[in-house]
Every structure is written in structure tokens, then in C-alpha cells.
Protein chains: 2
Amino acid sequence: MEKENTSFGVKEIARRANVSTATVDRVLHNRTGVSEKTKQRINDIIKELDYQPNILASRLASRKIITIAILLPNVSEETDFWEAPLLGIRRAEAEIRQYGVQVISYFFDLNSKESFTENVRLILQGDVHGILLSPSFIEETKQFAAECNERKIPFIFIDSDIPDLHSLSYIGPHLFKSGYVGAKLLTYRLQSNTKVLIINISKEVDNFNYLRIEEGFRSYFSDKNQPNEIVRIDIRETDYQSVARHLTYVFHLNKDIGAAFVTNSRVHTVASFLKNSHRTHVSLIGYDFVKENVGYLESDVIDFLICHRPEEQGYRGVMAFYQTLVTNAPVTRLSYMPIDIVTKENYEFYQN
Amino acid sequence: MEKENTSFGVKEIARRANVSTATVDRVLHNRTGVSEKTKQRINDIIKELDYQPNILASRLASRKIITIAILLPNVSEETDFWEAPLLGIRRAEAEIRQYGVQVISYFFDLNSKESFTENVRLILQGDVHGILLSPSFIEETKQFAAECNERKIPFIFIDSDIPDLHSLSYIGPHLFKSGYVGAKLLTYRLQSNTKVLIINISKEVDNFNYLRIEEGFRSYFSDKNQPNEIVRIDIRETDYQSVARHLTYVFHLNKDIGAAFVTNSRVHTVASFLKNSHRTHVSLIGYDFVKENVGYLESDVIDFLICHRPEEQGYRGVMAFYQTLVTNAPVTRLSYMPIDIVTKENYEFYQN
DNA sequence: GCAATTTACGGGCACGTGCCCGTAAAGGTA
DNA sequence: TACCTTTACGGGCACGTGCCCGTAAATTGC
């Protein structure tokens with residue numbers, strides 16, 4: 001029951017190379033002060049033994065603390081969606097705090113690009129080893145990425161992606177496919193003579209996320225030659241009154257709407273409207289496992305919720321940094337989350 | 001960027017109590033050799049400082065290696081379902097090997113209770129610190145549990161549960177609810193004038209798992225007053241010929257079957273039959289993300305697969321032992337897995 | 001040629017905990 | 001009192017790696 005196969009350590013390498021452990025250490029961390037010849041010799045032995053550093057000892061001996069910054073939208077009363085990733089981040093932090101990893105959190109206002117850039121500035125003025133963020137604003141994120149690349153600070157996007165900025169990883173949904181799944185569920189029992197309504201409720205104008213989802217949604221309809229007409233509406237105010245007003249109008253114009261698809265977590269507002277206006281026969285599908293939505297799932301107003309495990313996203317984001325910064329393991333560039341389908345019957349076991 | 005808040009360690013406790021670190025250590029591991037008085041004093045300080053041992057240092061210093069045994073059905077050509085938990089177990093092992101944890105694997109034959117008890121004997125004759133197993137045979141598992149409880153070896157069940165045996169944890173699906181979800185999906189676009197077929201294909205006679213699933217399935221029908229008649233069939237041979245013969249008979253007797261529900265991963269055999277006999281209009285739902293099933297999902301023969309993340313089950317099983325044996329963290333007694341819904345549209349992102 | 005500088009390397013302590021071994025003090029027995 | 005056993009504790013090495021500091025050897029400058 002004793003440890004025996006504890007493989008080879010720095011000592012063994014040093015012994016074989018006839019040098020001290022300090023020299024081996026210099027090679028391992030490619031610091032200066034080793035002649036080309038011995039360096040070569042040591043590297044050969046390292047390869048031969050397939051040396052794996054003992055993380056336990058390494059982290060214990062090291063006085064350095066690794067700092068990861070996160071930058072997410074704050075949890076407003078408007079939506080508590082971002083609470084989930086935060087929980088995952090906290091969970092990851094608790095697990096690896098012992099290993100000398102520290103997470104510092106910054107939050108910005110989804111209605112203010114300035115607050116985003118300001119927080120970016122704050123993060124970059126401290127010295128952090130990695131940044132996990134939601135790239136909510138495209139132009140601002142591009143600038144951020146340029147700065148990080150120059151300063152060689154790795155960053156990871158969660159929840160939505162902006163390609164070609166050389167992020168270390170993207171962790172989040174494949175939005176197009178997610179919309180595609182939404183369409184499948186919506187049409188599964190849809191009558192062919194009814195119309196389908198796509199609803200986008202959002203203050204931001206350049207929400208290219210929603211566009212991807214809608215593309216996927218429409219793409220299913222054309223792939224399957226679904227005969228249903230698709231109506232769409234953009235609502236730029238998020239309060240119930242405004243949404244109700246717009247919806248009343250749409251439903252007035254289109255008497256035969258059989259199903260509605262909401263491109264984000266505000267589906268509960270629509271559910272509320274449908275319930276109040278006695279239109280619960282309309283199939284309703286939307287996004288995210290937030291409290292209000294689950295309530296309407298429970299009461300059969302929402303048929304399905306699509307989720308992308310936001311908590312897991314946060315957890316994985318931090319863990320990906322741990323992997324790359326501490327254990328030096330490679331990180332997958334694209335880590336698409338599962339597209340989960342949540343119903344009244346299975347929601348109680350769902351893990352966000 | 002230096003470590004600073006590294007809280008208090010054994011040294012600080014020793015200093016405050018005017019004893020050596022060895023004495024503190026004795027108290028921490030409640031070994032003998034400490035007078036009641038100093039023990040009390042030290043314990044008070046430990047509480048006061050809310051001392052958390054440094055796992056890194058602890059694992060590094062300890063020469064003990066923790067051994068976890070797993071006992072699962074072997075991966076036969078008949079079903080590769082158990083490959084998934086095994087993958088999860090391997091993943092967990094790789095993560096915590098560095099921390100002095102070792103996993104040794106045992107496999108039994110699902111068609112032989114003797115192979116189960118024989119492997120139990122083998123496991124118990126070595127000295128292991130925890131056992132992760134699938135309790136496939138009820139009586140044999142009860143005996144096993146009694147032995148473990150006597151010898152104070154913790155064990156965890158995955159995939160299916162036998163209550164009241166004082167397992168440390170159960171990690172797996174809520175089978176009743178899982179059947180319930182199956183019924184919801186099946187009826188979502190079912191015509192009321194068709195019959196529904198429940199198919200159970202399994203060699204084992206006492207498969208109480210399947211009974212739970214069926215209960216849940218039927219329970220949905222009665223809860224919702226679904227008018228459809230339910231037909232059921234038990235098939236004790238698993239080869240295609242036998243299954244096809246039985247199904248031909250059933251479909252002959254019941255001309256108006258609109259949907260079929262298979263209670264386990266052998267749904268691909270049924271799919272094959274439906275395809276060959278040109279009955280693909282029948283909705284088909286079954287279990288598990290195994291290769292053959294995904295193939296039929298892809299070709300629209302299977303409508304939905306229900307999955308319980310078997311890989312995750314294996315991973316969590318091992319990690320639960322790590323938590324309880326290494327970090328002393330509490331483990332939840334019941335850890336129900338999500339009931340995942342997999343379709344042609346989202347399967348490529350599914351994580352088993 | 002010699003001093004000054006640079007290069008290449010070794011010694012050894014530290015991280016926080018586990019645990020072996022040694023020993024003074026206390027208690028027991030004749 | 002002398003001797004033995006038990007109790008209660010301290011000293012100190014080890015785990016494998018990080019890294020500071022010291023120094024002999026090699027190189028450079030004049």
C-alpha cells in the first residue's frame with residue numbers, strides 16, 4: 001500500500017546527467033545559465049524518462065499565485081442568467097484555490113459599453129495570467145483581444161464567440177445548431193396551416209448571437225420544407241408592458257400563430273403575455289434555465305427550454321486556465337456545449 | 001503576486017498551543033499519546049483558526065496510496081454501454097493519480113451471478129479504501145453490502161440503485177421519472193387512436209430497473225388521461241432474429257401501433273426491425289447514446305434517445321471517493337443524473 | 001600577463017504535512 | 001531506592017520542486 005511506482009523526478013534526471021537538480025530545474029523552466037551541451041543532454045534524459053513534474057510538489061514549493069480575472073455582465077434584476085456561470089466559476093475556484101489559483105471578478109453593465117472598456121482597463125493594469133470573459137460588445141472585444149495578444153495574456157470566451165481573435169478557447173453553444181434544435185422541437189407537433197413567430201427581445205442592437213440562432217431556426221424550416229409561414233418581431237424594450245403591446249399587435253395581425261420561439265431567456269415575458277391573454281394553446285419555446293422560465297415550464301405555458309449549461313461553462317472556463325497555466329495540458333480551441341432540452345418532466349434533475 | 005493569505009498551518013497551531021507540530025499532528029489524526037488537557041487546548045485552537053489542512057502538502061508527504069476498486073459489467077459485443085462509465089473512471093483516475101489515488105478495475109459477466117460474487121471476493125481480499133459498482137444482482141449485492149458495512153469499506157452504486165444498503169452514494173438516474181419523460185416525448189405528437197408498445201429486451205429476469213421505468217411511463221399516461229392503449233412485450237433473447245420474430249407477431253396482432261418505447265439501449269434492434277419491415281412511421285424512443293442507436297437517430301428511425309450521462313456517472317463516482325477519502329468533504333447520498341434528451345439535431349454536441 | 005566580468009553550475013533551504021525515533025517525566029513494582 | 005513500563009511529547013527527516021546565493025571556471029578587457 002506504499003507508493004512505489006512514483007516514476008522519476010528531478011533528482012533522478014540530475015543523477016543520470018551528472019548535474020545538480022538546480023541545473024535540471026533551469027532547463028525545465030528554460031532559464032539561462034546552462035551550456036548548450038548539458039542542456040541537450042538533460043533534455044534527452046527528460047524525453048527518455050517521459051518526465052512528468054509532480055504538480056503537488058511544484059505548487060507547494062512555488063510561491064507564485066496564479067491570478068485569473070473574469071469579466072461578465074452583472075446580475076441585474078432584469079436577468080439572473082449570469083448568476084449561473086458565476087456559480088460555476090466559484091465552484092472551480094474553491095477546488096483549485098489550494099493549488100495556488102486565485103480568481104478576481106469584474107462585472108460590467110450590459111447597457112454600457114463604457115463599463116466594459118473601463119473594466120478591461122482595470123483588469124489589464126493589474127497583472128493577471130488569464131482572462132475569462134463574455135465578449136458582449138464586438139468592437140470593444142476586438143480591441144481587448146489585440147491588447148492581450150500583444151501582452152501575451154491568454155483569454156477565453158464563454159457563452160458567445162467572436163472568431164479569429166486568437167482566444168485560447170471558446171466555451172459555449174453552437175448557436176446556429178441551437179436554433180436548429182429549437183425549430184425541430186417547435187415543429188414536432190406543429191400543424192401545417194399555422195404560422196410561426198420568432199421573437200427577439202433585447203435592448204442591444206448588435207446582438208449577433210440572436211441572428212445566428214435565427215439563421216439556424218430558419219434553416220431547419222427550409223431543410224425540411226416546412227410549409228409554415230414565419231413571422232418575426234424585434235422588441236427593443238424589455239419591460240412587460242412594451243412586450244405585451246408589441247405582441248398584441250402581432251397576434252392581432254396574424255390570427256393563426258401556432259407556435260412562438262423566443263431567441264433568449266426573456267421567454268418568460270412572452271409566457272406571461274400568452275397566459276394573460278389566454279393564448280396558452282400556442283406552443284412556446286425559449287432559452288435558459290432561469291427561475292421565471294421554469295415556473296412557466298411547470299405550468300405548461302412554455303413547452304421546452306433550450307439550455308447550454310451556463311454553470312458548466314463558467315466551471316470549464318476556469319478549469320481550462322488551470323490546465324494550461326498549471327499543468328501545461330493543451331486546451332481545445334472550441335468546446336461546444338451540449339444543447340440541452342428541458343421540459344416540465346425532467347427539469348428537476350437538470351444541472352445548469 | 002506572492003502567496004500571502006495562505007492561512008494558518010500546523011506550525012501556527014503548535015506555536016499557539018506551546019507544543020510541537022508532532023503533537024498537533026497526533027491530535028489532527030486522533031492518534032494516542034496526547035493528554036486530555038493538551039488535546040482539548042489544541043482542538044480549541046484548531047476550531048478558532050478554522051484550520052484547513054493543505055491537501056497539497058498532505059498528499060505529498062503521505063506515503064499512503066489510496067486504492068479504489070471498481071466492479072462493472074464487462075463491455076461485451078452485445079452492448080458497449082459500459083464503456084462510457086469506464087471512460088469517465090479513467091478520466092477521473094488520470095486527474096487524481098498525482099494525488100496518490102489508484103483505481104483497480106474488475107469486470108463481471110452480466111449473464112453470470114457467479115462471476116459477480118467471485119469478483120467481489122477478489123476485491124475484498126485485497127485491501128481497498130472504496131468500491132464503485134453497478135449493483136446488477138440484487139441478492140448478491142445485499143451480501144456484498146453487508147460485508148462492506150462490517151468491514152467499514154464505503155461503496156457507491158452507479159447506474160441503478162438498491163436502497164437501504166447504506167451505500168455512501170447513489171449516482172444515476174431517477175428511473176421512474178426517466179420513464180415519465182419518455183412517455184411525454186412519445187405522446188407529444190401521438191394520435192389518440194393509435195396504440196403504444198412497450199418493449200423490454202433483456203436476458204435477465206429480475207430486471208427491476210426496467211420495471212421502474214415502465215411504471216413511470218405508464219404513470220404519465222394515467223396522469224394525463226392519455227386515451228391510447230398500451231401493449232407490452234417481454235423479449236428474453238437479444239439477437240435480431242428473435243426480436244424480429246416477436247415483434248412481427250405483436251405488430252400482426254396490433255395493426256394500429258403508432259409509437260414504441262424500448263426500456264433500454266437495445267432500441268437499435270427494434271429500429272432495425274422497423275426499418276426492414278418498412279414501419280418507419282412508428283415513433284420510436286429508447287435509451288442510451290451508443291453507436292448503433294445514434295446511427296438510427298441520424299437516419300430518422302429513432303425519434304429520441306434518453307440518456308443519463310454514463311461517462312459522467314463513472315467520473316463522479318471516482319471523484320466522490322476522492323472527496324470523501326482525501327479531502328474529507330461530505331458526499332451527497334443521492335446524486336440523480338439529468339435525464340437528457342438526444343435528437344438527430346443535437347446529438348453531435350452531446351457529452352455522454 | 002592580471003584583474004574584471006560573465007558563464008555554468010552546485011549547495012541547500014523552503015513549502016506544509018506525515019511520521020519515525022528518541023527521551024524526559026510519571027507511574028508502578030519489588 | 002533501584003529498576004521497569006507507560007505516557008506525553010519534541011526533534012527532525014522526508015515528500016519533489018522552486019529558487020536564492022555562492023563560487024569555480026571560462027571569458028573578456030587592457
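Lettering of chains follows the sequences in order, A, B, ..., and the numbering in each one begins at 1.
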- Query: How close or far is atom P of C:dG18 from atom CG of A:Leu56, stated in whole angstroms?
  - Reply: 12 Å
- Item | Phosphate OP1/OP2 of D:dG18: any A:Ser62 side-chain N/O under 4.0 Å | no
- Would you please confirm or rule out a distance under 4.0 Å between OP1 or OP2 of C:dG10 and any side-chain N or O of A:Thr23? yes
- Rounded to whole Å, the CG-P distance (A:Leu60 to D:dG16) equals 12 Å
- Query: Relative to the ring of A:Phe349, is the ring of B:His174 parallel (under 30°), tilted (30 to 60°) or perpendicular (over 60°)?
  - Reply: tilted
- Task: For the pair B:Tyr99 and A:Tyr99, name the ring-plane relationship: parallel under 30°, tilted 30 to 60°, perpendicular over 60°.
- Result: tilted
- B:Ile46 CD1 to C:dT17 P: how many Å, rounded? 11 Å
- Item | Nearest-angstrom distance from the residue atom OH of A:Tyr99 to P of D:dG18 | 17 Å
- Residues of residues 25-43 of chain B with any non-hydrogen atom less than 4.0 angstrom from an atom of DNA chain C: list those, numerically ordered, please. B:Asp25, B:His29, B:Arg31
- Note on the structure: Scanning both residues in full, the closest heavy-atom pair of A:Gln351 with B:Pro338 reads OE1-CD, 3.5 Å
- B:Ser169 (side chain) donor-acceptor with B:Thr332 (main chain) under 3.5 angstrom: yes
- Where the side chain of B:Thr21 is concerned, which of D:dG16, D:dG12, C:dT17 is the nearest nucleotide? D:dG12
- Determine: side-chain N/O of A:Ser20 to OP1/OP2 of C:dG10, distance under 4.0 Å, yes or no. yes
- Query: Counting just side-chain N and O atoms, does B:Ser58 come under 4.0 Å of either OP1 or OP2 of C:dG18?
  - Reply: yes
- Over how many whole Å does the gap from B:Glu12 atom CD to C:dT17 atom P extend? 11 Å
- Query: Given C:dC15, D:dG10, D:dC15, which nucleotide is nearest the side-chain atoms of B:Lys11?
  - Reply: C:dC15
- For C:dG16, take OP1 and OP2 only and decide whether either is under 4.0 Å from a side-chain N or O of B:Tyr51. no
- Query: So, the side chain of A:Ser115 versus the backbone of A:Asp109: is there a donor-acceptor pair under 3.5 Å, distance only?
  - Reply: yes
- CZ of B:Arg59 versus C1' of C:dT17: gap in Å, rounded? 11 Å
- Query: Nearest heavy-atom pair of A:Leu124 and A:Cys148: which atoms, and what distance?
  - Reply: CD2-SG, 4.3 Å
- Message: Closer than 3.5 angstrom, by distance alone: can the side chain of B:Asp25 be matched with the main-chain N or O of B:Thr21 as a donor-acceptor pair?
- Response: no
- What is the distance from CD1 of B:Ile65 to P of D:dC15, rounded to the nearest Å? 15 Å
- Nearest-Å distance, CZ (A:Phe8) to P (D:dC15)? 15 Å
